[in-house]
Amino acid sequence: MKLFIPGPVDVRADVLQVMSKQMMSHRSEDISILQNSITSKLKRVMGTSNDIVISSSSGTGSMEMALKSLTLKKALVISNGAFGDRFFEIAKFNQIDADYHRFEDGKAIDPDILESLLKTHQYDTLTITHNETSTGVMNDLNELDVVLKKFPDVLVILDTVSSLGGTSIQIDQYHIDVCVSASQKALGLPPGLSFISLSKEAIKRLEDVPSRGYYLNLKRVYDLAQKKNQYPSTPTISIMYALDYQLDYIIEKEGLINRYQRHLELAKFTRAWAKKHFDLLVEEGYQSNTLTTVINCHNYNMTYLKDELKKSGYIFSEGYGKLKSHTFRIAHMGDRTLDELKEYLKRIEEIWQLS
Ligand SMILES: Cc1ncc(COP(=O)(O)O)c(C=O)c1O
C-alpha cells in the first residue's frame, strides 16, 4: 500500500531496517551520543542555533508541553484550521488562560489582524501553525515576522509538524522562540518522536512558569538534556536510530536544497493537475509544499474513488473535518517521488474517467 495521506507517510525500507537494531540503555553514554547527534542535525534542518529537545510523544505531546510550560500570563492562539484549533483545546484542557482567533478554512493568517490582536498587550505566548495540514495552507513566515518582531516580549510557538523537512524553515531568521515538529511527515519516519527548539528567552521563561505537569514538563526534559543529553523517561529508541540515520540521508545524501526542490516540484505538479481537472482550496502564495487540497467541484463520488484506489494499493485522503464532503487532499511529502505521484494521479484520472 502507498500512503497518499498527509502523515504518517511511507518509510523507506533502509530506514525500517535501521529500526530493527537492538535496544541500548536509556541511561548509557551511547544514548547521550545518539541524542546529541540527533539534536545537532535537527538544528541544521530547523535553521537554528537554539537548543533542541526531543520528546517521546507525537507532535501533539510537544505542542502541549510547549504551551503549558511556557505560558505565564495568557496565550493567543491564532488558527486557520484544525491543527491551529488544537492549541486552543490544549489551553482549555490545561486551564491555561487563552484567547483564540480563527481564520476561515483555506485562508492564510492575516498579518494586520495578528498585529491588532498583539497590540492589546495581553499575551506572553502566541501559537501559529506554519503548515495547516487540514486545509493545505502554508502561512508565510516572512510576512508574519514583520509583525512578530514588533512584539519581542511575546514568546512565539510555531508548529512545523507537517512542513519540517519538506520546505526550508530558517528559525533564526525570525522572531520565533519555539519550533515544534514531529517525525512522521515530511521527515519520512514513523510516528512517535517529536522535537522542540527553544530560544534563550524561552529557556528563561521555563524558570518562571509554576505548574507544568510531570511527563509533559519541558523544564524536566530540558534540564536532563542539558545535563546528560538524555530524556527523563525511556524514549522511543528505535525511532531515534531511524531519525539519526534519516537526518544524514536528508542533509548529506539527498541534500537539504534538493529535498526542498523535490517537494516544490511535486507540489507544482499536483497544483497544475488539480487546476486542470478541479479547483484548489488555497489561493496562490499560500499553497503548501507538502500537501494540496483539491475542491471536488464536479461532485464525483469520493467513496467509490477511495475504494477503487485501495484495490490498486493506494490510501486516499478525504478533506478534513467540515471540508470532508467536498474536498480531498493529496500528500506529496517525505520521500515520495514524482513518478509515484504521477502514477497515483493517473489512477485517479482512470477511476473517475477524467479527460
Ligand atoms: C500541523 C500539525 N500539527 C500537529 C499535528 C499533530 O501531530 P501528531 O498527530 O503527531 O500528534 C499534526 C498531525 O497531523 C499536524 O499536521
Side-chain angles (χ1 to χ4, degrees), residues 3-11 42 46 53-68 77-91 93-94 100 102-103 105-109 126-141 144 156-167 169 171 176 178-197 215-216 235-236 239-240 242-243 263 267 281-282 286-293 315 317-321 323-324 327-334:
L3 292 168
F4 272 86
I5 58 172
V9 296
D10 292 324
V11 177
L42 275 174
M46 283 191 187
V53 297
I54 58 162
S55 170
S56 265
S57 67
S58 72
T60 309
S62 278
M63 290 164 75
E64 181 158 355
M65 179 146 69
L67 192 63
K68 73 192 286 179
V77 173
I78 296 288
S79 171
N80 51 350
F83 292 102
D85 294 352
R86 187 167 292 192
F87 271 120
F88 193 56
E89 289 286 292
I90 289 171
F93 275 75
N94 284 284
Y100 165 74
R102 178 66 147 84
F103 292 92
D105 282 338
K107 296 276 177 260
I109 296 170
L126 164 70
T127 68
I128 293 175
T129 309
H130 176 221
N131 192 62
E132 182 43 78
T133 323
S134 66
T135 62
V137 170
M138 194 159 79
N139 289 300
D140 184 333
L141 295 179
L144 296 178
V156 181
I157 301 172
L158 183 75
D159 168 347
T160 66
V161 169
S162 63
S163 48
L164 190 77
T167 195
I169 298 171
I171 291 298
I176 292 171
V178 177
C179 175
V180 173
S181 199
S183 52
Q184 79 276 15
K185 298 196 193 263
L187 290 169
L189 293 162
L193 198 63
S194 52
F195 351 99
I196 306 178
S197 80
Y215 189 76
L216 296 178
T236 43
I239 306 177
M240 290 173 73
L243 176 57
H263 276 81
L281 178 73
V282 180
Y286 302 100
Q287 293 156 349
S288 167
N289 288 357
T290 58
L291 77 142
T292 298
T293 302
I315 304 296
S317 178
E318 287 134 341
Y320 195 101
L323 298 170
K324 185 171 173 164
T327 69
F328 58 98
R329 294 175 298 166
I330 298 168
H332 30 79
M333 61 172 83

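Just so you know, ligand 1 is whichever comes first in the structure, and atom 1 is the first atom listed for that ligand.
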Participant: Quick one, His332 with Thr292, criterion side-chain hydrogen bond (donor to acceptor under 3.5 Å, both in side chains). Give me CA distance, side-chain angles, the key distance, then yes/no.
Facilitator: CA-CA 8 Å; His332 30 79; Thr292 298; 2.7 Å; yes
Participant: I'd like to check whether Thr129 has a polar contact with ligand 1, where a contact means an N/O of the residue lying under 3.5 Å from an N/O of the ligand.
Facilitator: no
Participant: Please step through side-chain hydrogen bond (donor to acceptor under 3.5 Å, both in side chains) for the pair Ser56 and Thr236, ending with a clear verdict.
Facilitator: CA-CA 6 Å; Ser56 265; Thr236 43; 3.3 Å; yes
Participant: Under 4.0 Å from any heavy atom of Ser58, which atoms of ligand 1 are there?
Facilitator: 8 (P), 10 (O), 11 (O)
Participant: Consider side-chain hydrogen bond (donor to acceptor under 3.5 Å, both in side chains). Of Ser183, Ser57, Ser181, which one does Ser194 pass it with?
Facilitator: Ser57
Participant: Considering distance alone, does some N or O of Phe83 sit under 3.5 Å from an N or O of ligand 1?
Facilitator: no
Participant: Just need the protein heavy atom nearest to atom 14 (O) of ligand 1, so name the residue and atom and give the distance.
Facilitator: Lys185 NZ, 2.6 Å
Participant: Show me which atoms of ligand 1 lie under 4.0 Å from any heavy atom of Asp159.
Facilitator: 1 (C), 2 (C), 3 (N), 4 (C)
Participant: Test your reading of the model: is there a side-chain donor-acceptor pair from Asn94 to the backbone of Lys68, 3.5 Å cut-off?
Facilitator: no
Participant: Do you see a donor-acceptor pair shorter than 3.5 Å between the side chains of Asp105 and Thr135?
Facilitator: no
Participant: Which of the atoms of ligand 1 are close to Met63, meaning less than 4.0 Å from one of its heavy atoms?
Facilitator: 4 (C)
Participant: Considering only heavy atoms of Arg86, which atoms of ligand 1 have at least one such atom less than 4.0 Å away?
Facilitator: 6 (C)
Participant: Treating His263 as the side-chain partner and Gly334 as the backbone partner, does any N or O pair qualify as donor plus acceptor under 3.5 Å?
Facilitator: yes
Participant: Out of Pro6, Gly59, Ser57, Ala82, indicate the one that has the non-hydrogen atom closest to atom 8 (P) of ligand 1.
Facilitator: Gly59
Participant: Only heavy atoms of Asn131, strictly under 4.0 Å: list the atoms of ligand 1 that pass.
Facilitator: 1 (C)
Participant: Have a look at Leu158 and tell me which of Leu141, Thr129, Leu164, Leu144 forms a side-chain contact (heavy atoms from CB on, under 4.5 Å) with it.
Facilitator: Leu141
Participant: Without swapping roles, check the side chain of Asn80 against the backbone of Phe103 for a donor-acceptor pair under 3.5 Å.
Facilitator: no
Participant: With heavy-atom distances below 4.0 Å as the criterion, list the atoms of ligand 1 near Thr133.
Facilitator: 1 (C), 2 (C), 15 (C), 16 (O)
Participant: Got an N/O contact under 3.5 Å between Gln184 and ligand 1?
Facilitator: yes
Participant: Check whether any N or O atom of Thr60, backbone or side chain, sits under 3.5 Å from an N or O atom of ligand 1, and answer yes or no.
Facilitator: yes
